[in-house]
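Remarks on the structure that follows.
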Amino acid sequence: MTKLKRAKNGRIIFTKEMKKDYTILVPDMLPIHFEIMKYVFLNEGYKMELLRTAKPEIKQLGLRYVHNDTCYPALLVIGQFLDALESGNYDVNKTALMIMQSGGGCRASNYIHLLRKALEKAGYGQIPVISFNLSGMELNSGFALTVPIVRRCTAAVIYGDLLMLLSNQTRAYEVNNGDSARMIEHWVREITEQFKRSKGFSFKNMKENFEKIIASFASIPINKVPKVKVGIVGEIYVKYASFANNNLEDFLHEQDCEVMVPGLLGFLMFKVDARIQDVHLYGGSKIKLGIATLLLNYFKKVEKAFMDCVDRYPVFTQLSSYEDTKPLVEGLIGIGNRMGEGWFLPAEMIELVKHGYENIVCTQPFGCLPTHVCGKGMIHKIKEMYPRANIVPIDYDPGATKVNQENRIKLMLSVAREAMV
Ligand code: SF4
């Protein structure tokens, strides 16, 4: 067994030696984005696997090792890790886990400590846990988010957002069942191949790829009949991870709806922007301010290139740029409200309404105060401001039944269908 090195607080450091032969397990959240991102790390010499397990027992395992008032995403992710370790598919002396740490005030910064506690309790105290964060927390000699990795991961996020945006708009109307899914597979393969050749992530390459990707989706034969258009918002993990939201996107497609899921880039911009505002308001490192400003400006530049390309194809709808979302919440919630999804969550609801996706499912995980304040808490006021808004908050927790959730959504859809007539 590899000799374990510990940091001052006792956590196990993921070392350079571990990089060679440890497999890093990562819980999947967005299948397109994370699949491309995985290749960024494989190309850098890491061994990485995405966890896509979705058995109901995972929830029970999470409940056994995490206190039951912990928010639902933590419970699921920790349960999924433990299930993988118990599966016998991995050498538990050559496995590391990776988890996001947001660095913000809500519990997403503390999942990592809950996970380590659960590992100790379950007898896996030797397993190193790597924090994935952009705030410089918990450094490891064998893992670093270098500038090249951040650039490639940013490209992975943008490609993921673009493929998700386009495929959702073709999938609902495609003449040949499966065309959109096949097109996603093609582009994920193509982009990861480009990454292997150190291509596909420069600004120039991305612009070229954007054009080709949009043109290819525009060529999919569709039959654009009127359909109920539904947007999905909410806490980031439950909003995106099908395991957490009981396959919400698939369910809505089965109900013959067109689905719009706002992309990940906007959320990342919101988080980076929050770091900048913190330094302006409360002071802090000028270096961190400089890095955050550079990153935000880079995100804005790529977002503009992406949006300009989509604009050339009127067949596709896209939501607002990050900067254009801020004024949407004036009179509703202050932009100093930054816990969890903060002001950005009601902003996403409003931009969906303004772009014709008036029917919205707001995913609410159990134990999440930020989403209850900024999601559920905003719905009444948004409906007052936009009377056509038809928003349903759906709770996700280990005890909630899929049938109950789907019945509530069906009720929202029946209101939407009446409004279409
Ligand atoms: S946003 Fe909510 S669910 Fe997500 S980590 Fe924070 S408290 Fe938990």
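Note that ligands are numbered from 1 as they come in the structure, with each ligand's atoms numbered from 1 the same way. Side chains are part of it too, since the values below use all heavy atoms of this structure and drop only hydrogens, waters and symmetry mates. Start at 1 with the first residue, then count along the sequence.
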Lys227 NZ/CZ over Tyr173 ring centroid, <6.0 Å and within 45° of normal
yes
For residues Glu351 and Met260, determine if any side-chain heavy atom of one lies less than 4.5 Å from a side-chain heavy atom of the other.
no
cation_pi(Lys19, Tyr46) dist<6.0 Å, angle<=45
yes
When you check the space around atom 2 (Fe) of ligand 1, which protein N, O or S atoms turn up under 2.8 Å?
Cys368 SG
Atom indices of ligand 1 within 4.0 angstrom of Glu341 heavy atoms, with elements:
1 (S)
Distance under 6.0 Å and angle within 45° of ring axis: Arg151 vs Phe201:
no
Proximity of Phe143 and Phe41 rings by center, below 6.0 Å:
yes
Mind telling me whether Phe344 and Phe270 have parallel, tilted or perpendicular rings, with 30° and 60° as the class edges?
parallel
Closest to atom 5 (S) of ligand 1 among protein heavy atoms sits Tyr111 OH, 3.1 Å
Note, Tyr240 side chain near Ile232 side chain (heavy atom, < 4.5 Å):
no
